[in-house]
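A quick write-up on the structure given underneath.
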Amino acid sequence: MDVVTLGESMVLFNPSTEGSIKYVHQFTKSIAGAESNVAIALSLLGHQVGWISQLGDDGFGHYIRSIIAGEGVDVSQVRFSTDHPTGILFKERFSYADPNVYYYRSHSAASKLTPAILNEAYIKQAKILHITGITLAISESARETVQAAIRIAKKHGVLVSFDPNIRLKLWDLQTARPVILDVIQQTDILFPGIDEAAMLIGSREPKEIVRTFHNMGCSLVALKLGKEGCCLSNGTKTKFVEGFPVKRVVDTVGAGDGFAAGILSGILQKKSLAECGRLANAIGALATMATGDMEGYPTRLQVQQFLGESKLPDR
């Protein structure tokens, strides 16, 4: 197994039109979840990936499991709860701003995660464990589960990959900051956004940000700079990689998860910092061109074509 992820996925209802959700009458059903997004993106790139979670034993839960399994992700470690439902979220889209998201996940099955769900042997055989701050935020027991997974990974030499993914709708910064900083000190591969770095360490200066996180123990810092691209540092080299222009952004949600998948894929392929950044930026850009959280992720051939590394097949 290349990568194992851990976290909640929910049923996503995407509006058929832009504008206030008050006036939207039709929605399409899809799935959402930062960790499963990364898992799907990596699977499409040809990697072996597993996803650990808990879903409600309901139609929505079985739908999510089927969709993720259908994308080639191993779901053998997914459990179903008969006592708690699958989480739901609704999206509200505007042409001039990032989408608004409305969560209905209180007492969801994933919020009731406990360390008992973890299979040490399953995590042990992975090269990388990928987690995010969202799972830390949804409940105390989910937080304990993430921390237990980190301990297992550290025990067996599995790299820990962490995206802070700060969601202030889920917890306040005063509560989030010490928890996230504690996890960062146990992280090998870190994916902060520029705004998240400002919240966590009070700086928006890329070189200072990567230096600070390296001092906390991170081996690789992949700083997301939005449309400007990214700043990657391995402690000895720092590389700024320009982003790809997107003429029409359809949906920004999921772009950061695609970026993380690109970096992890590059690491697994032993690519250089510049190559990792270019791959990650490409996947992040492609993700914004489709409606939905994971529908825009490319296969390895598609991203190679986007980067000009492979020609389109003749028809």
Side-chain angles (χ1 to χ4, degrees), residues 2-5 7 9-10 12 14 30-47 49 51 67-68 70-73 91 93 98-99 101 128 130-134 161-167 189-196 220-232 241-269 271 273-307 309:
D2 292 320
V3 180
V4 168
T5 66
S9 289
M10 297 174 287
L12 162 64
N14 238 315
S30 183
I31 69 169
E35 298 84 4
S36 58
N37 283 348
V38 172
I40 289 169
L42 282 166
S43 178
L44 288 169
L45 294 170
H47 299 287
V49 195
W51 175 58
I67 291 293
I68 296 174
E71 296 293 350
V73 176
K91 194 177 286 187
R93 292 188 291 113
D98 289 343
V101 177
I128 300 171
H130 180 74
I131 53 177
T132 82
I134 294 175
S161 165
F162 178 53
D163 188 337
N165 249 328
I166 299 173
R167 297 289 185 268
I189 307 162
L190 181 66
F191 298 100
I194 191 77
D195 293 332
E196 290 173 330
L220 177 67
V221 180
L223 178 63
K224 294 173 282 188
L225 302 173
K227 64 181 181 180
E228 304 302 322
C230 63
C231 173
L232 306 183
V241 185
E242 290 185 8
F244 293 91
V246 178
K247 290 182 179 179
R248 183 174 182 271
V249 174
V250 176
D251 192 339
T252 58
V253 178
D257 301 323
F259 173 87
I263 295 292
L264 295 179
S265 178
I267 290 170
L268 290 165
Q269 296 177 71
K271 290 180 177 289
L273 282 181
E275 290 171 328
C276 286
R278 193 162 180 264
L279 175 61
N281 287 345
I283 296 170
L286 287 165
T288 69
M289 299 181 194
T291 300
D293 287 22
M294 58 83 175
E295 283 79 354
Y297 296 147
T299 63
R300 181 171 292 186
L301 177 59
Q302 288 169 333
V303 76
Q304 287 172 344
Q305 291 167 348
F306 179 81
L307 291 170
E309 298 172 355

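The figures that follow rest on heavy atoms only: side chains count, while hydrogens, waters and symmetry mates do not. From a predicted model like this one, the values you see are computed outputs, not experimental measurements.
Between Ile283 and Leu45, some side-chain heavy-atom pair lies under the 4.5 Å cut-off. A 4.5 Å side-chain heavy-atom check between Thr5 and Leu42 finds every atom pair outside the cut-off. Residues Ile194 and Leu223 form a side-chain contact, since some pair of their non-hydrogen atoms from C-beta on lies under 4.5 Å apart. Two residues are said to be in side-chain contact when any heavy atoms from C-beta on lie closer than 4.5 Å; Ile31 and Ile40 meet this criterion. Side-chain contact between Met294 and Ile67 is present, with at least one heavy-atom pair separated by less than 4.5 Å.
With hydrogens and angles disregarded, a donor-acceptor distance shorter than 3.5 Å links the side chain of Asn281 to the backbone of Val241. Listed for the Trp51 side chain is no donor-acceptor partner under 3.5 Å among the backbone atoms of Asn37.
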Report the C-alpha distance between Arg300 and Glu309 in whole Å, list the side-chain angles of each, state the deciding distance to 0.1 Å, and finish with yes or no for side-chain contact (heavy atoms from CB on, under 4.5 Å).
CA-CA 11 Å; Arg300 181 171 292 186; Glu309 298 172 355; over 6 Å; no

Test log, rule side-chain contact (heavy atoms from CB on, under 4.5 Å), inputs Phe244 and Leu307
CA-CA 10 Å; Phe244 293 91; Leu307 291 170; 3.4 Å; yes

Stepwise, does the side-chain contact (heavy atoms from CB on, under 4.5 Å) test hold for Ile189 with Phe191?
CA-CA 7 Å; Ile189 307 162; Phe191 298 100; 3.7 Å; yes

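Contact record, Ser43 with Val49: N-CG2, 3.8 Å, taken as the closest heavy-atom pair. Between Pro298 and Leu44, the closest heavy-atom pair is O-CB, 3.5 Å. Scanning all heavy atoms of the two residues, the minimum distance from Glu196 to Ile166 falls at OE2-N, 2.8 Å.
Within 6.0 Å of CD on Glu242 lie no more than 12 heavy atoms contributed by other residues, nucleotides or ligands.
A distance of 6.5 Å separates CG of Asp257 from NE2 of His130, quoted to the nearest 0.5 Å. Atom CG of Leu279 is separated from atom CD of Gln304 by 9.0 Å, given to the nearest 0.5 angstrom. In this structure, His47 NE2 and Leu264 CG are separated by 8.5 Å, a value rounded to the nearest 0.5 Å.
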